[in-house]
*Asks:* 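Sharing a structure here in structure tokens format.
These figures come from a predicted structure and were not determined experimentally. No hydrogens, no waters, no symmetry mates; every other heavy atom, side chains included, goes into these values. All ligand and atom numbering here is 1-based and tracks the order in the structure.
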Amino acid sequence: MTAIAIELPDEVVAARDGIVAFAEQEVIPRHQQNHELFNDPRSLYREDGRFSDALIQLIREVRVASAKAGFYQMCVPKVLGGGGLGHLAYYVAWQELFYRCGPRNKLMLYALAHWAFGPSRLLERVTPEAQERIMPLLMDGTRSMCFGLSEPGAGSDVSMIQTRAVKDGDGWRISGGKIWTSNGPIADFCVLFAVTDADQVTAKKGGISAFIVPTDAPGFTVQRVIPLFGHIGGDEAELALENLYVEPWQLVGELNQGFAAALYGVSLGRIYNSARSVGSGRWAIKLALEYSKTREAFGNAIANYQGVTFPLAESATELHAAHLMGINAATLLDQGHPAVKELSMTKAYSVQVGLRAVDRAMQTHGARGFTNELGLTDAWHALRIVNVADGTNEILNRTIAGRLLKGDLDL
Ligand SMILES: Cc1cc2nc3c(=O)[nH]c(=O)nc-3n(C[C@H](O)[C@H](O)[C@H](O)COP(=O)(O)OP(=O)(O)OC[C@H]3O[C@@H](n4cnc5c(N)ncnc54)[C@H](O)[C@@H]3O)c2cc1C
């Protein structure tokens, strides 16, 4: 049975089925073999909150195995040595991974190159020298990167960033700080955004540049790991930058035009998070439907009560709509349309309905819904965060309203 009339291109279907088979062969068994590690947070994190060596090793193993199999880098542009698949393949592959693997299989997050952990389309405009020196290390999965845009005083409003890159000889010296940098505690490289021309920033004409830097360079420090949701460690870092020297070859894209790169990165994040929300929501609803057929109350399986099944039916309807929006927005991007409004709608809607689906699945499970074993709480945590990361729902609505008011009324 198919629910979608739009036929996906053959290469997208092959990518989706291939990465799921890879996850089944290489990712899920690693979880099973290391279930003690994954079930004990004290084994997952070091004292300082970073991932433990054992976890970092497993993550690297998954990245490298996937790169060898040709999945990890399949959505990276061909100019960078990747498979050249587009945004649709990226959306479809992530959606299916989240649907099939569920939130407990954390290593799955590394089976396909994440847009910010690299390698990704974000690096399409690196210099030939960076391509030679850095790209091979990212492409083979041995190294990873992070995306350093947000700062303590600059989140939704990127123009408020204070990190400065001051000219020094041929290069620049970067000073400032970043926050919430995902993968920051373990990344080998960072795409850093800094003000290179404050006047241009004030005039809203550019003035922010992107640089790719090794995280072991003098002046680059991971100041702390930020645990979220009562976890004892985490994957978000606060970074300190002090007189960090960068050379012209480290520029990503044009000088003073980093804002466009930042926006594009966030767009990739919106596709990823839409896929994550739809896939996780579908996974949760499936779990809830299965449970409802087996759990009995008042002489019947609870699946017989419309009070239980109607919320799940509503969520299935919402997820179906969100999935169609995701396929549409990603296709528009592949066709060369900016899809600003459509992608904003897709991310905002997908996250809301994904989160609602997980919440309803928890309710269906009664008290069991709150146990760690099922993974529903992991999914809820992840999607609640996604409500903020890569554009809050309010900022997405602001963008949508702005487009509508400018006359973009096509729906
Ligand atoms: C788990 C996680 C991972 C992240 N990873 C990264 C990363 O790898 N790299 C990176 O650079 N950043 C990252 N971020 C940061 C993320 O991009 C920001 O959190 C996000 O842009 C919002 O910024 P803020 O948190 O500073 O909120 P603020 O911008 O301070 O907003 C606070 C509140 O005000 C609302 N608000 C602000 N302006 C308006 C307005 N005009 N109209 C209506 N409401 C408004 C917002 O919606 C929000 O509810 C991550 C965040 C999280 C939670």
Side-chain angles (χ1 to χ4, degrees), residues 49 51 103 106 109-110 113-118 120 122-123 144-163 174 176-195 204 208-213 215 220 222-231 233-241 252 258-273 276-277 280 343-344 347-348 351-352 354-355 378-405:
F51 288 170
K106 295 189 196 312
L109 298 173
Y110 304 89
H114 179 278
W115 70 274
F117 306 171
S120 81
L122 178 68
L123 301 178
S144 68
M145 65 178 205
C146 59
F147 180 80
L149 177 65
S150 302
E151 299 185 2
S156 304
D157 185 357
V158 176
S159 71
M160 289 175 76
I161 70 172
Q162 296 297 314
T163 296
I174 302 182
K178 299 289 170 185
I179 197 166
W180 312 120
T181 318
S182 299
N183 203 44
I186 61 167
D188 304 279
F189 297 96
C190 178
V191 177
L192 262 185
F193 293 84
V195 174
K204 297 197 183 306
I208 292 173
S209 303
F211 301 92
I212 186 158
V213 300
T215 55
F220 190 109
V222 175
Q223 228 170 13
R224 71 177 178 116
V225 176
I226 313 168
L228 302 174
F229 279 118
H231 293 166
D235 198 26
E236 272 66 47
E238 188 167 347
L239 308 174
L241 312 158
V252 180
F259 189 61
L263 277 185
Y264 181 62
V266 171
S267 295
L268 289 172
R270 289 175 186 174
I271 296 176
Y272 168 77
N273 281 319
R276 180 178 201 164
S277 303
S280 303
L343 189 53
S344 301
K347 198 252 178 182
V351 173
Q352 287 172 58
L355 189 61
D378 296 80
W380 192 91
H381 280 179
L383 298 195
R384 185 62 192 84
I385 287 171
V386 166
N387 239 317
V388 165
D390 300 321
T392 65
N393 278 358
E394 295 79 16
I395 293 303
L396 295 169
N397 277 333
R398 181 177 182 262
T399 305
I400 297 163
R403 299 289 313 172
L404 294 171
L405 289 167

*Asks:* Number the atoms of ligand 1 from 1 as they appear, then name those within less than 4.0 Å of a heavy atom of T392, with their elements.
*Replies:* 22 (C), 46 (C), 47 (O)

*Asks:* Among all residues two or more places apart in sequence or in another chain, which pass the ring pair (Phe, Tyr, Trp, His ring centres under 6.0 Å) test with F147?
*Replies:* W115, F193

*Asks:* Of all the atoms in ligand 1, which lie at a distance below 4.0 Å from a heavy atom belonging to R398?
*Replies:* 41 (N)

*Asks:* Heavy atoms of the protein only: does one fall short of 4.0 Å from atom 12 (N) of ligand 1?
*Replies:* yes

*Asks:* Examine T181 against ligand 1 and note whether any of their N/O atoms are separated by less than 3.5 Å.
*Replies:* no

*Asks:* Only one of I226, N183, V225 clears side chain to side chain contact (heavy atoms under 4.5 Å, CB included) with D235; which?
*Replies:* N183

*Asks:* Please indicate, with yes or no, if any protein heavy atom is found under 4.0 Å from atom 34 (O) of ligand 1?
*Replies:* no

*Asks:* Applying ring pair (Phe, Tyr, Trp, His ring centres under 6.0 Å), name anything that partners F117, two or more places apart in sequence or on another chain.
*Replies:* H114

*Asks:* Given the protein's heavy atoms, is any one of them under 4.0 Å from atom 1 (C) of ligand 1?
*Replies:* yes

*Asks:* Around atom 44 (N) of ligand 1, find the nearest protein heavy atom and jot down its residue, atom name and distance.
*Replies:* E394 CB, 3.4 Å

*Asks:* Looking at atom 6 (C) of ligand 1, tell me if a protein heavy atom falls under 4.0 Å from it.
*Replies:* yes

*Asks:* Within ligand 1, which atoms have a heavy atom of V388 less than 4.0 Å away?
*Replies:* 19 (O), 20 (C)

*Asks:* Can you sort out which atoms of ligand 1 are near L149, meaning under 4.0 Å from one of its heavy atoms?
*Replies:* 11 (O)

*Asks:* Can you tell me which residue and heavy atom of the protein come closest to atom 36 (N) of ligand 1, and the distance to 0.1 Å?
*Replies:* I395 CD1, 4.3 Å

